[in-house]
Colleague: 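Below you will find the structure I want to go over with you.
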There are 2 protein chains.
Amino acid sequence: MREPSPDKQEAILATALTLFTERGFAGTPTSLISKEAGVATGTLFFYFRTKEDLIDTLYRRVKSEAAQAMCQGLDKEKTAKDKLRRLGKNAAGWGIQNPAKLKFMEQFAYSPFVSTSAHEEGMSHFLFLEDLVRDGIRNGEIRDVDPSGLFCIMASALSGLIAHALLTDDPAEREKIIGNGLDFIWFGMKA
Amino acid sequence: MREPSPDKQEAILATALTLFTERGFAGTPTSLISKEAGVATGTLFFYFRTKEDLIDTLYRRVKSEAAQAMCQGLDKEKTAKDKLRRLGKNAAGWGIQNPAKLKFMEQFAYSPFVSTSAHEEGMSHFLFLEDLVRDGIRNGEIRDVDPSGLFCIMASALSGLIAHALLTDDPAEREKIIGNGLDFIWFGMKA
DNA sequence: CACCATATTGACTGACTAGTCAATTTACGC
DNA sequence: GCGTAAATTGACTAGTCAGTCAATATGGTG
């Protein structure tokens, strides 16, 4: 017997992430991915049935990693306000530390290449956020409007905020941008 | 002599918009575009040097149309608050009336297929918005934080809001979602 | 060591696609 | 109606790319 090598699969995924981010999806042939990953064409198709399968796997992974990063220490916070602020800081921190993964998510979130099921699985990681908003409304911290709408705008605003924070290299400047942005979001939501 | 036919060029652009929205950019061969537009392959390349040129032209058009729609009646409003609300309503209205164009813009805003110059031209239509925010800060209506950051978050939030409003078919429901969303944005910005 | 299931290879294929061009049609001025 | 310059055509080309497969290397097991 011989076991599948996690190394090669990881190499393929990592290389694909970089190349997709730099050259876009359609601009990155599988031949280039395998070449850069130091692997034969056939090996790529041994680990991933199709190119689409590779993309999907990558998308699922990155999305789930992002979701996990966002939850970090969330249960330590008591109020909805503090939870949301922690969440925002986590998200911004992860985005700034992982610009390639962020760009990948942005670039392909709307892409027809990513299967519907991957999209749905991607969203499922963030459903707990809606509950968070719901709780905040119940105890009067958050304005009483449709929670899914609130959540949707909040997510977009956060994504715009991170994109804007990435424009500067100065960490202090970034901190300030993120602080102001999170204020914006909180003032928009609070009761 | 013989003049270029605006009809054919328009047909190509309109067909391309629909197909790109439905099938994505890479998934839409030029042969299909010309076929659906009722035109020969060569005609497409008579009006557009390359496929990229076609995309760019379409992107510029849609972006400029959107910008124009957003400005409608903006100078009628006096306060920054009213201007922003009018702007938001215009944007939401246009997006809801033109879902295909909106989807096209969303889908390709981050795409590497759209040239950098087209991106820049696209943004230039919206620079006046930053001035609007700046004015609001100067007369104390809007919180005194970096205007470009504020503008950036505002734009993202607005885009998320429209996407969410498009999920329902009920016009009254939509009106409510948009109203709530614009409240969110305004509470986030006001001094 | 010998066996064998599995991982890995890379040349190859079939399908597809952006863009070309020589031939043909069109419509306008004279 | 004739000449002409530009518009339109579509078969064709040169190249690319996802995915295959027969051959080979690898490493665990008995």
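Every chain is numbered from 1, with letters handed out A, B, ... down the list of sequences.
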Colleague: Could you state the atom-to-atom distance from NZ of B/Lys8 to P of D/dA7 in whole Å?
Modeller: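 Those two atoms, NZ and P, are 12 Å apart.
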
Colleague: Among D/dT20, D/dG10, D/dA18, which nucleotide has an atom closest to any side-chain atom of A/Pro29?
Modeller: D/dA18

Colleague: Mind calculating the distance between CD (B/Glu52) and P (C/dA18) to the nearest angstrom?
Modeller: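 So the CD-P distance, B/Glu52 to C/dA18, works out to 13 Å.
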
Colleague: Which nucleotide sits closest to the side chain of B/Ala40: C/dG19, D/dT9, C/dT9?
Modeller: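 Output: D/dT9.
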
Colleague: Map A/Gly27 and A/Gly42 onto DNA chain D by nearest heavy atom, then report which one ends up closer to the 5' terminus.
Modeller: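 In this pair, the answer is A/Gly27.
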
Colleague: Quick one: sort the B/Tyr59 and B/Phe104 rings into parallel, tilted or perpendicular, breaks at 30° and 60°.
Modeller: tilted

Colleague: Examine distances only and state if a side-chain atom of A/Arg174 and a backbone atom of A/Ala165 form a donor-acceptor pair shorter than 3.5 Å.
Modeller: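 Side chain of A/Arg174 to backbone of A/Ala165, a donor-acceptor pair under 3.5 Å: yes, one is there.
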
Colleague: Quickly work out the A/Ile33 CD1 to D/dT16 P distance and round it to whole Å.
Modeller: 17 Å

Colleague: How long is the line joining NZ of B/Lys51 and P of C/dG19, in whole Å?
Modeller: 8 Å

Colleague: Please determine, for the side chain of A/Thr43, which listed nucleotide (C/dT20, C/dT8, D/dT20) has the closest atom?
Modeller: C/dT8

Colleague: May I ask you to verify if any side-chain N or O of A/Tyr47 is less than 4.0 angstrom from the OP1 or OP2 atom of C/dA7?
Modeller: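 No, no such contact exists.
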
Colleague: What is the distance from CZ of A/Arg23 to P of D/dT16, rounded to the nearest Å?
Modeller: 12 Å

Colleague: Expressed in angstrom and rounded to an integer, what is the separation of B/Phe48 atom CZ from D/dA7 atom P?
Modeller: 14 Å

Colleague: Applying side-chain contact (heavy atoms from CB on, under 4.5 Å), can you list everything that pairs with B/Leu150, at least two apart in sequence or on another chain?
Modeller: A/Phe184, B/Val133, B/Ile142, B/Val145, B/Met189

Colleague: Of all the choices, D/dG19, D/dA7, C/dT20, which nucleotide is nearest to the side chain of B/Phe46 once you look at every atom?
Modeller: D/dA7

Colleague: Closest to the A/Thr41 side chain: D/dG19, D/dA11, C/dT9?
Modeller: D/dG19

Colleague: Between D/dA7 atom P and B/Ile12 atom CD1, what is the distance in whole Å?
Modeller: 13 Å

Colleague: Name the one of A/Leu84, A/Leu87, A/Leu129 that satisfies side chain to side chain contact (heavy atoms under 4.5 Å, CB included) with A/Leu74?
Modeller: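 One option only clears the test, and that one is A/Leu87.
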
Colleague: Is there a donor-acceptor pair under 3.5 Å between the side chain of A/Glu121 and the backbone N or O of A/Arg60?
Modeller: no

Colleague: Tell me the interatomic distance from A/Leu54, atom CG, to D/dC17, atom P, rounded to whole angstroms.
Modeller: 16 Å

Colleague: Would you indicate, yes or no, if C/dA18 has its OP1 or OP2 atom less than 4.0 angstrom from a side-chain nitrogen or oxygen of B/Thr30?
Modeller: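 Result: yes.
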
Colleague: Of the candidate nucleotides D/dT20, C/dG19, D/dT9, which contains the atom at the shortest distance from the side chain of B/Phe45?
Modeller: C/dG19

